[in-house]
Amino acid sequence: MATNQVFSVTPEFLSVKECDDLVALCDKYKDRWEDGEVSDEGIAGFAAKDPIRSCKTWFLQGDFDDGDEQKFQKFYRMIDERFNRVKLEMGLENWDIQNREAFQYTHYGVNDGYGWHKDTHDEPYQSENGMDPEWDGMNRKLSMSIFLNDFSEWTEGRFEIENAWVHGPDVPWYRVHQFNPEINPEIAKGTAIVFPSYVQHRVTPVQTGTRKSLVCWYIGPPWV
């Protein structure tokens, strides 16, 4: 695993077979996929020309066919356990993570992408707004994105993170870290990227093929 102040890269977080099995499960429920939504308008002055969001998404929850509930729960337990190990390896044992949201399967086709954004919300979750009461007062603190298919299956669709720790806060277009095999040879199908949810990131538009990933948000009390 490679880490810096902003993110960690964990190759083989999921095996190739685990990725294929999870994709097959998610594809089985394609009729439940929805258009990706976003709650804000992106980052004014940084990448306003970028499209906000275009993709298909599905939260891994609900009623399933016989046997599939157990399969999904196995993935939840396995991913949570491996995430906790990564969190410790990042030196974030003092970050108060108390829960997590349902995992989200994301499917990017040609011209789909997601402009610059952060995963944290301006206000913590509140049950009176229809959120889970167990999430009251919490916010997203750590995000994880897992590549579920091979990089040869799409072009562009780059996952990028603002990396101001390395390049400084005053050169926006030179402070971006791109995650792809050309820059990070260890990255492949099954690799997980973990980063603070307040860090700006994006997926550039896919030019050809299909890009598949799993997105996870771990939540806890906001910083004061």
Side-chain angles (χ1 to χ4, degrees), residues 1-23 26-27 36 42-43 46-57 79 82-83 85-87 89-90 103-119 142-216:
M1 184 183 76
T3 66
N4 73 2
Q5 298 97 323
V6 178
F7 57 81
S8 76
V9 178
T10 305
E12 299 179 347
F13 183 91
L14 293 181
S15 70
V16 170
K17 183 179 185 306
E18 288 166 344
C19 289
D20 291 343
D21 289 347
L22 182 54
V23 166
C26 292
D27 287 353
I43 311 305
F46 191 14
K49 67 180 183 297
D50 282 350
I52 298 303
R53 192 179 194 187
S54 174
C55 62
K56 293 295 184 182
T57 66
I79 291 172
R82 295 177 186 178
F83 165 83
R85 290 204 300 266
V86 171
K87 176 175 174 282
E89 291 170 354
M90 292 177 72
F103 297 158
Q104 185 184 81
Y105 179 60
T106 59
H107 184 281
Y108 292 88
V110 174
N111 296 324
D112 285 346
Y114 196 172
W116 287 108
H117 66 284
K118 60 182 180 179
D119 292 339
L142 280 171
S143 300
M144 178 165 63
S145 183
I146 307 171
F147 298 108
L148 292 181
N149 63 328
D150 192 83
F151 281 77
S152 65
E153 296 178 31
W154 78 89
T155 57
E156 290 299 312
R158 299 186 306 274
F159 182 61
E160 300 181 341
I161 280 183
E162 177 189 20
N163 196 1
W165 286 98
V166 173
H167 297 295
D170 298 321
V171 278
W173 293 113
Y174 294 96
R175 69 189 195 198
V176 171
H177 190 98
Q178 299 178 4
F179 297 94
N180 58 58
E182 289 74 24
I183 295 175
N184 305 91
E186 75 275 17
I187 290 182
K189 180 178 179 177
T191 296
I193 313 296
V194 177
F195 56 97
S197 300
Y198 56 74
V199 172
Q200 305 290 346
H201 54 287
R202 73 172 176 177
V203 175
T204 64
V206 171
Q207 288 189 352
T208 62
T210 302
R211 179 188 187 279
K212 304 172 185 179
S213 62
L214 189 74
V215 182
C216 316

Indicate yes or no: at least one non-hydrogen side-chain atom of Asp112 is less than 4.5 angstrom from one of Val203. no
What is the minimum heavy-atom distance between Thr210 and Asn149, and which atoms define it? O-ND2, 2.8 Å
Determine whether more than 12 heavy atoms belonging to other residues, nucleotides or ligands lie under 6.0 Å from atom CD of Glu12. no
Heavy-atom side-chain proximity of Ile146 to Phe83 below 4.5 angstrom: no
Picking from Gln200, Gln178, His201, what satisfies side-chain contact (heavy atoms from CB on, under 4.5 Å) with Glu160? Gln178
Could you tell me the separation between the CG atom of Asp20 and the CG atom of Asp150, rounded to the nearest 0.5 Å? 10.0 Å
Are the side chains of Val194 and Leu142 in contact, using a 4.5 Å heavy-atom criterion? yes
Rounded distance (nearest 0.5 Å) linking atom SG of Cys19 with atom NZ of Lys189: 6.0 Å
Any donor-acceptor N/O pair, Arg158 side chain to Asn180 backbone, under 3.5 Å: no
Side chain to side chain donor-acceptor pair (under 3.5 Å) against Gln207, all qualifying residues, sequence neighbours excluded: none
Once you measure the plane-to-plane angle for Phe147 and Phe151, does it fall in the parallel (<30°), tilted (30-60°) or perpendicular (>60°) bin? tilted
Rounded at 0.5 Å granularity, tell me how far CD1 in Ile187 sits from CZ in Phe159. 9.5 Å
Taken to the nearest 0.5 Å, the spacing of Lys118 NZ from Glu162 CD works out to 11.0 Å
Any side-chain heavy-atom pair from Met144 and Val86 closer than 4.5 angstrom? no
How close do Phe179 and Ile193 get, heavy atom to heavy atom, and via which atoms? CD2-CD1, 3.7 Å
Sub-4.5 Å side-chain heavy-atom contact between Arg53 and Thr106: yes
Check salt bridge (Lys or Arg N to Asp or Glu O under 4.0 Å) between Lys212 and all other residues, then give those that pass, not counting sequence neighbours. Asp27
Of all the heavy-atom pairs spanning Asn111 and Pro205, show the shortest one and how long it is. O-CB, 4.2 Å
Gap between atom OG of Ser143 and atom OH of Tyr198 - 0.5 Å precision: 11.0 Å
I'd like to know if the side chain of His107 and the backbone of Arg211 have a donor-acceptor N/O pair within less than 3.5 Å. no
Pro11 versus Val9, closest heavy-atom pair with distance: CD-O, 3.4 Å
What distance separates Ser54 OG from Tyr114 OH, expressed to the nearest 0.5 Å? 12.0 Å
